[in-house]
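Structure, as structure tokens:
Since we're looking at a predicted model, the values are computed, not measured. Every chain is numbered from 1 and lettered A, B, ... according to where its sequence line falls, protein lines coming before strand lines.
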Amino acid sequence: MAANLKTNLNESQVKAVKHHKGPLLVLAGAGSGKTRIITERISHLISEHNVRPSNILAMTFTNKAANEMKQRVSNLAHDETKNVWIGTFHSTCLRILKRDINKLDGYNKDFIIYDDGDQIKLIKDCMGRLNIGDKLVSPKSARAQIDGAKNKGLGPDSPELREYDKHVQSIYSLYEKELRKSNALDFGDLLHVTVKLFEKKPEVLENYQNQFHYLLVDEYQDTNHVQYKIVEMLSRKHRNIFVVGDDNQSIYGWRGADIKNILNFEKDFSDAKIIKLEQNYRSTKNILEAANKLITHNKNRHKKNLYTENDQGDLINYYEASDDKNEAKHLSSKIFNEIKKGDYSYKDIAIFFRTNTQSRLLEEELLRKSIPYKMVGSTEFYKRKEIKDILAFLKIIVNPSDEISLKRIINVPPRGIGNVTINNLDEIAKEREVSFYEAIQIALKEKFLSNSVLMKIERLNNLLTELIEFPEKDDIVSLINHVLHKTKYLDMLEKEEERKENIGEILNLAVEFQKEREETTLNDFLDSVTLASDLDKYSENSDQVTLMTLHSAKGLEFPIVFIVGMEENLLPHFNSTMNGQVEEERRLFYVGITRAKEKVYLAGAARRMVFGKQQASIPSRFISELPQELIRLETPHFEENNQARSARKYPTKTISKPATSYQNTGRYKVGQKVVHSAFGEGLIKRVEGSGDDAKVTVFFPSVGDKKIIASYLEN
DNA sequence: CCCAAGGGATTGACA
DNA sequence: ATCCCTTGGG
Ligand SMILES: Nc1ncnc2c1ncn2[C@@H]1O[C@H](COP(=O)(O)OP(=O)(O)OP(=O)(O)O)[C@@H](O)[C@H]1O
């Protein structure tokens, strides 16, 4: 079977698949078969070179792509493929750490993973303790800088850190200490600590070097420094490092991805071979031509040929709706038409958007029209309060030192413990240098605090003990039921049916999780939940429309692709229009278009709800960068009450300035460039009032956001 | 010392 | 529209 498929590969593809030893880079455009080569090569190594599956490690970025790769490999090759290590960088590192982190001082393999929400909470805690107000450093910015440091392999004590803001330095220090105390790792740690482990314990590294004779990395253009480091270290011994990528599809700059990794591959791995692929097998001529034209607008780019022998295909459809609701309506009616014609089913259709919030309206519309859909790659579900609460209880059961989780549920359901008590307990913890959980025990034993407070704490402590001592913790379903029962959580929800359904959903997930594996541990369940690695698996083969962000769309393909929100300040996103990040936005759009095999529908809205307010918007500059003769512009049949639309044209190249009319408040508009004598050039984010007295919030690259009286601005 | 209500800020993407 | 934090009443 595998041989059969291989005959379909073109010459260069065969060369790549048959490549046996030494470093190799496949640098090629969208849809040229890079991912296919990875899977074929894995199968080839196993069947032709008798490589043991467990000697192969393949890594990608998103869960969806990793699951897809697993699927494709197991379709190609024999039963053993289960033992090939295929996963995201994060899940691979997690697996390594679960095995070996104990060898590193100060770490323990029962650690739990903090997601971004937990991270922010902890950072706020630390800032409170350090008396750093959130006007000095915003918690989000602190997090971004800490993540950035970890991505570069810098710990809180690294000398390079002196470059950082001194507040951020001290936050990082304390944050790190608190993570250790809670026996928790954040996402960045999964990678960063793995490198640390490899550096400090060469014997561990050697172990894995011996295991992984062959390394394959998909989407290599999006590796950041730590990820590069991991790849480089693991491949040092056998040097069989096989990476594929496309610099035009680099979309993770904000996560520290460094395009130089792929461009310097030849330098980093001496005697590396490079193979280029130029034929696209995925898309129609029109789609490919549109994408090719679009990407020429990026200055920073390596020229690539990409052609296809596929049919000419349809034009690119573009629809300008009067507002976001009508955009959604348009989309559902197009979906309806495509299905009605009978050539496609729901699973052939995908809808992409730039920001997660856009999905809500789309979902409502699809629900209304009874179009089956699934959200992919969204962690929204796990961010819900009721879910986080239940998970917090579970995390405490695994790991009572988990301070963030404990503080989360300390008064859930309400038991009369508030901030003051929490602060008092914090004090005890600090003085005795113990965990927050132990501070509770101490307070009880030594009768600190007032009697009424002690009684409440005691009740909490008894509850926790009952949970922790539950005999069958690894039977996750019973454990969750036990938690629900003991905490009376559902009573608290009363009539909140949606929340109750969500609790039912987490129980379902636990059931599925257990059904799928012979042995389960609570901790594995929690990890899988935090990494969201299982989230999309269960609905994989059902006939549903797929909804996802442009970022999660990378590496996938669909016969029909919808991209919505084609507006300035949304795509390209507002925050990107400052510092040369527009090219990354363009690549993001490029990724979106090139997912399509046969049809592309683009849509945008003239008005859209932002922050609960209607805002006007103009079409994305990217629309005007497509070959206009390939666009079929569709306008609304029946016009609603919209003055905005009639006056609008989509921009041509002569209107190349960034969008200005986002929100109209006299002289100053959101999105407008302004100059301040002290802070330099900036971009207006918000306007309150009008005229020279208006207060405007301006983002300056030099100092961040500032609120300023408008008359102090020159424009 | 807790809690509900109200005001202000906020929403970029992934693991 | 929603989250989060502050505030004043209980
Ligand atoms: N030689 C070939 N003949 C026919 N179809 C092919 C050939 N090679 C690849 N394909 C098909 O082309 C499509 C794109 O392949 P694949 O997903 O591997 O591309 P890719 O280079 O990884 O794309 P991207 O970088 O855009 O994610 C797939 O449907 C694949 O099966």
Does the cation-pi check pass for A/Arg587 over A/Tyr590, that is, NZ or CZ under 6.0 Å from the six-membered ring centre and within 45° of its axis?
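Relative to the ring axis of A/Tyr590, which defines the angle, A/Arg587 lies outside at least one limit.
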
Indicate whether the side chain of [X] and that of [Y] have a donor and an acceptor atom separated by less than 3.5 Å.
| X | Y | answer |
| --- | --- | --- |
| A/Thr530 | A/Asp115 | no |
| A/Asp246 | A/Tyr220 | no |
| A/Arg586 | A/Asn298 | yes |

Base, sugar-phosphate alone, or nothing: which one does [X] contact when heavy atoms must sit under 4.0 Å apart?
| X | answer |
| --- | --- |
| A/Phe61 | sugar-phosphate |
| A/Thr357 | base |
| A/Ile251 | nothing |
| A/Gln227 | nothing |
| A/Thr421 | sugar-phosphate |

Quote, to the nearest angstrom, the C1' distance that separates C/dC4 from B/dA13.
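That atom pair is separated by 23 Å.
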
Write down the distance between [atom1] ([X]) and [atom2] ([N]), rounded to a whole number of angstrom.
| X | N | atom1 | atom2 | answer |
| --- | --- | --- | --- | --- |
| A/Lys150 | B/dA15 | NZ | P | 19 Å |
| A/Phe187 | B/dA13 | CZ | P | 14 Å |
| A/Gln358 | C/dA1 | CD | P | 17 Å |
| A/Leu449 | B/dC2 | CG | C1' | 15 Å |
| A/Asp118 | B/dA15 | CG | P | 17 Å |
| A/Asn67 | B/dA15 | CG | C1' | 13 Å |
| A/Asp134 | B/dG8 | CG | P | 16 Å |
| A/Gln581 | B/dA13 | CD | P | 14 Å |

Would you say [N] has OP1 or OP2 under 4.0 Å from some side-chain N or O of [X]?
| X | N | result |
| --- | --- | --- |
| A/Asn356 | B/dC14 | yes |
| A/Asn411 | B/dC3 | yes |
| A/Asn63 | B/dA15 | yes |
| A/Thr549 | B/dA13 | no |

Along DNA chain C (nearest heavy atom to each residue), the more 5'-positioned of A/Arg360 and A/Lys124
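Checking each residue's closest nucleotide, the 5'-ward one belongs to A/Arg360.
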
Let's see if you can work this out: which of [options] has an atom nearest to the side-chain heavy atoms of [X]?
| X | options | result |
| --- | --- | --- |
| A/Trp254 | B/dA13, B/dA15, B/dG12 | B/dA13 |
| A/Asp116 | B/dC2, B/dA15, B/dC14 | B/dA15 |
| A/Asn575 | B/dG12, B/dC1, B/dA15 | B/dG12 |
| A/Lys140 | B/dC1, B/dC14, B/dG12 | B/dG12 |

Side chain of A/Arg354, base of B/dA13: donor and acceptor closer than 3.5 Å?
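Under the 3.5 Å cut-off, the side chain and the base do form a donor-acceptor pair.
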
Taking atom types as they are modelled, is there a donor-acceptor pair under 3.5 Å from the base of B/dG12 to the side chain of A/Glu584?
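By the distance-only test, no, there is no pair.
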
Centroid under 5.5 Å and tilt under 30°, A/His573 to B/dG12:
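According to the criterion (under 5.5 Å, under 30°), yes, A/His573 stacks.
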
Pi stacking test for A/Tyr252 and B/dA13: under 5.5 Å apart, planes under 30°:
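Whether judged by distance or by angle, A/Tyr252 falls short somewhere, so it does not stack on the base of B/dA13.
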
Of A/Pro414 and A/Asp147, whose nearest nucleotide on DNA chain B comes first from the 5' end?
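Here A/Pro414 is the residue nearer the 5' end.
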
Taking the nucleotide of DNA chain B with the nearest heavy atom to each, does A/Asn419 or A/Ser552 sit closer to the 5' end?
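So the residue in question is A/Asn419.
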
For the residue pair A/Tyr208 and A/Phe198, categorise the inter-ring angle as parallel (less than 30°), tilted (30 to 60°) or perpendicular (more than 60°).
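The arrangement is tilted - the two ring planes meet at 30° to 60°.
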
Heavy atoms from other residues, nucleotides or ligands near CE of A/Met492 exceed 12 (cutoff 6.0 Å)
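Above 12, so yes.
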
salt_bridge(A/Asp218, A/Lys34) N-O dist < 4.0 Å
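No, A/Asp218 and A/Lys34 are not salt-bridged.
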
